[in-house]
There are 2 protein chains.
Amino acid sequence: MELSTSEENYIKAIFKITERTGEKVSTNALAEEFSIKAASVTDMVQRLGEKSLVHYEKYKGVSLLEAGESVAKQLIRKHRLWEVFLVEKLNFSWDEVHEVAEQLEHIRSPKLTSELDAFLNYPKYDPHGDPIPDKEGRIQARIKLNLSKVQKGRIAEVIGVEESEDDFLRFLSRIGVQLGTKLEVLDRFEYDGSVVVQVDDEREVTLSEKVATNLWVTLEQ
Amino acid sequence: MELSTSEENYIKAIFKITERTGEKVSTNALAEEFSIKAASVTDMVQRLGEKSLVHYEKYKGVSLLEAGESVAKQLIRKHRLWEVFLVEKLNFSWDEVHEVAEQLEHIRSPKLTSELDAFLNYPKYDPHGDPIPDKEGRIQARIKLNLSKVQKGRIAEVIGVEESEDDFLRFLSRIGVQLGTKLEVLDRFEYDGSVVVQVDDEREVTLSEKVATNLWVTLEQ
DNA sequence: ATCGTAATTTAGTCGCACCTAAAAATAATA
DNA sequence: TATTATTTTTAGGTGCGACTAAATTACGAT
Ligand SMILES: [Mn+2]
Ligand SMILES: [Mn+2]
Ligand SMILES: [Mn+2]
Ligand SMILES: [Mn+2]
């Protein structure tokens with residue numbers, strides 16, 4: 001089925017909101033998401049319902065059907081692959097990629113997607129640390145937590161940042177932290193939330209609470 | 001000015017048809033191009049006229065104004081850069097790229113375009129041998145002719161193919177001919193149009209007329 | 001110069017994706 | 001529970017980009 005860019009965006013949003021809240025998605029939530037009016041959303045979800053992409057009941061919100069879910073996963077796959085491409089190959093920073101990926105995800109070409117995947121060496125995660133669904137839409141989840149939550153003694157791998165202001169990214173590169181960097185938590189000071197880490201088994205660095213909560217990491221094993 | 005994908009496609013088509021015919025473009029020609037009805041074209045060119053992108057006079061055809069021409073050149077730039085990317089990085093063949101590039105050319109992101117350009121090493125020509133406009137829209141033309149037109153004794157560089165069927169591309173790769181390959185015309189047989197060439201100062205190969213007319217080349221100097 | 005045909009435009013319609021205003025249903029609160 | 005507030009839907013409207021049918025203009029041939 002040929003879907004318009006708008007239809008695709010709705011489906012992806014329904015998927016993401018469901019993922020976050022676990023409940024049926026209200027028209028208001030979608031209206032919020034796209035900064036449009038709820039009446040417009042009602043219109044669209046009714047059409048998506050007729051196409052058997054979503055389950056929709058008046059006043060009861062909307063959820064994805066099988067077909068819709070598969071569309072959503074393919075979109076997320078493309079979106080995240082493009083984000084990897086932009087960061088790894090075209091010198092985009094983590095916060096610049098989203099808007100462009102939002103457009104690129106709608107390009108229709110199975111060959112493009114699979115070749116891009118191969119060209120990037122089948123990445124499993126995007127620059128924000130989020131998993132990239134495979135061809136069949138399977139998602140390899142991974143526990144993602146703030147460095148500020150990591151216990152003393154544990155080793156964490158940097159998989160993303162929460163907000164990526166220029167200043168912050170420059171600070172990270174200055175202390176040698178990038179995606180994939182291993183951080184061992186040597187000490188934590190509860191009184192100001194700062195964390196002492198060893199970067200890649202070498203340098204020892206103290207990170208403020210602000211920095212620590214801005215870093216997404218995953219634990220070894 | 002934010003243009004829709006449709007508007008952009010019209011502008012590019014007007015540019016290309018003007019380039020080919022040298023005359024004002026008729027609504028019929030555009031209708032033909034997009035396989036739509038002339039009445040729909042009239043509608044669109046009137047709107048493009050109001051936006052000062054084209055000059056349009058009832059019954060007299062349409063031509064690009066300054067602004068429209070610059071839009072067209074940027075689109076062609078993006079289209080051809082993406083074609084280079086698809087062929088050089090993603091293993092697309094020459095005939096597979098057009099449809100995808102037709103979509104990718106509409107992605108809005110100046111940074112994406114300039115970084116892609118740099119990533120590809122500032123290519124001057126696309127996989128079909130057509131010149132890629134620079135940031136300012138300047139086009140570096142180059143005389144493009146059929147190998148079948150090249151005189152005995154001259155050295156020609158392969159810059160593209162007319163039609164790129166799988167069979168033909170396989171034949172080329174078998175005889176070691178690709179983009180950039182130098183061919184010296186050793187002999188020509190007028191009676192069947194075949195051409196004897198030396199490939200890259202090494203192998204000697206006889207090409208049928210069909211092959212020769214399918215190869216676009218440019219002459220040294 | 002006139003006529004007939006082809007090209008082009010106009011008028012009116014349709015689906016998409018948005019809007020506003022008003023009605024209806026649901027949820028919150030007294 | 002009754003009333004009020006919020007959420008959601010319906011009804012009707014707009015611009016875009018296509019369509020058909022009909023009117024108009026241009027043009028080639030006699
Ligand atoms: Mn999108
Ligand atoms: Mn992401
Ligand atoms: Mn092309
Ligand atoms: Mn296009």
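Order of the sequence lines fixes the chain letters, A, B, ..., with proteins taken first and strands second; residue numbering starts at 1 for each chain. All figures in this text were calculated on a predicted structure; none of them were measured in a lab. These numbers come from the heavy atoms of this one structure, side chains and all, not from hydrogens, waters or symmetry mates.
The side chain of A:Gln46 places no N or O atom within less than 4.0 Å of a non-bridging phosphate oxygen (OP1 or OP2) of D:dT9. Close to D:dT10, at under 4.0 Å from its OP1 or OP2, lies no side-chain N or O of A:Thr42. Checking the phosphate oxygens (OP1, OP2) of D:dA18, no side-chain nitrogen or oxygen of B:Lys37 falls inside 4.0 Å. Listed pair A:Asn28 / D:dT6 fails the phosphate criterion, with no side-chain N or O lying under 4.0 Å from OP1 or OP2. Of the side-chain N and O atoms in B:Lys58, none sit less than 4.0 angstrom from OP1 or OP2 of C:dT8. For D:dC19, the OP1/OP2 oxygens have a side-chain nitrogen or oxygen of B:Ser40 closer than 4.0 Å. Residue B:Ser6 places none of its side-chain N or O atoms closer than 4.0 Å to OP1 or OP2 of D:dC16.
One atom, CD of A:Glu57, and another, P of C:dA25, lie 15 Å apart when rounded to the nearest Å. B:Met44 places its CE atom 10 Å from the C1' atom of D:dA18, with the value rounded to the nearest Å. If you measure from atom CD1 of B:Ile36 to atom P of C:dC14, you get 20 Å, rounded to the nearest angstrom. Atom CG in A:Asp43 sits roughly 13 Å away from atom C1' in D:dT14 (whole-Å rounding). Residue A:Leu30 contributes atom CG, which lies 13 Å from atom P of C:dC19 at whole-angstrom precision. Separating the CD1 atom of B:Ile11 from the P atom of D:dG17 is a distance of 11 Å, rounded to the nearest angstrom. As a whole-Å value, the separation of A:Glu23 CD from D:dT7 P is 15 Å. Rounding to whole angstrom units, NZ of residue A:Lys60 and C1' of C:dT26 are separated by 11 Å.
By the 6.0 Å and 45° rule, B:Lys89 does not stack over the aromatic ring of A:Phe85. The cationic atom of B:Lys73 (NZ for Lys, CZ for Arg) does not lie both less than 6.0 Å from the six-membered ring centre of B:Phe15 and within 45° of the ring axis. For the pair A:Arg142 and A:Tyr125, the cation-pi criterion (under 6.0 Å, within 45° of the ring axis) is fulfilled.
Each of B:Asp130, B:Asp134, B:Asp126, B:Asp117 was evaluated against B:Arg77; a single residue qualifies, B:Asp117, per the salt bridge (Lys or Arg N to Asp or Glu O under 4.0 Å) test.
In this structure, A:Tyr10 reaches the sugar-phosphate backbone alone: every heavy-atom distance under 4.0 Å involves primed, P, OP1 or OP2 atoms, never a base. Using a 4.0 Å heavy-atom criterion, one finds that B:Glu32 contacts no nucleic acid atom at all. Residue A:Thr27 is classed as a sugar-phosphate contact, given heavy-atom separations below 4.0 Å to backbone atoms only.
Taking every side-chain heavy atom of A:Ala38 into account, D:dT9 is the closest of D:dG17, D:dT9, C:dC18. Residue B:Tyr59 has its side chain nearest to C:dT8 when only C:dT8, C:dC18, C:dC16 are considered. If you check D:dG17, C:dA17, D:dA18 against the side chain of A:Ser4, the one that comes closest is C:dA17.
Electrostatic pairing of B:Arg108 and A:Glu102 does not count as a salt bridge here, judged by no charged N lying under 4.0 Å from a carboxylate O.
With hydrogens and angles left out, the side-chain atoms of A:His98 and A:His128 include no donor and acceptor closer than 3.5 Å.
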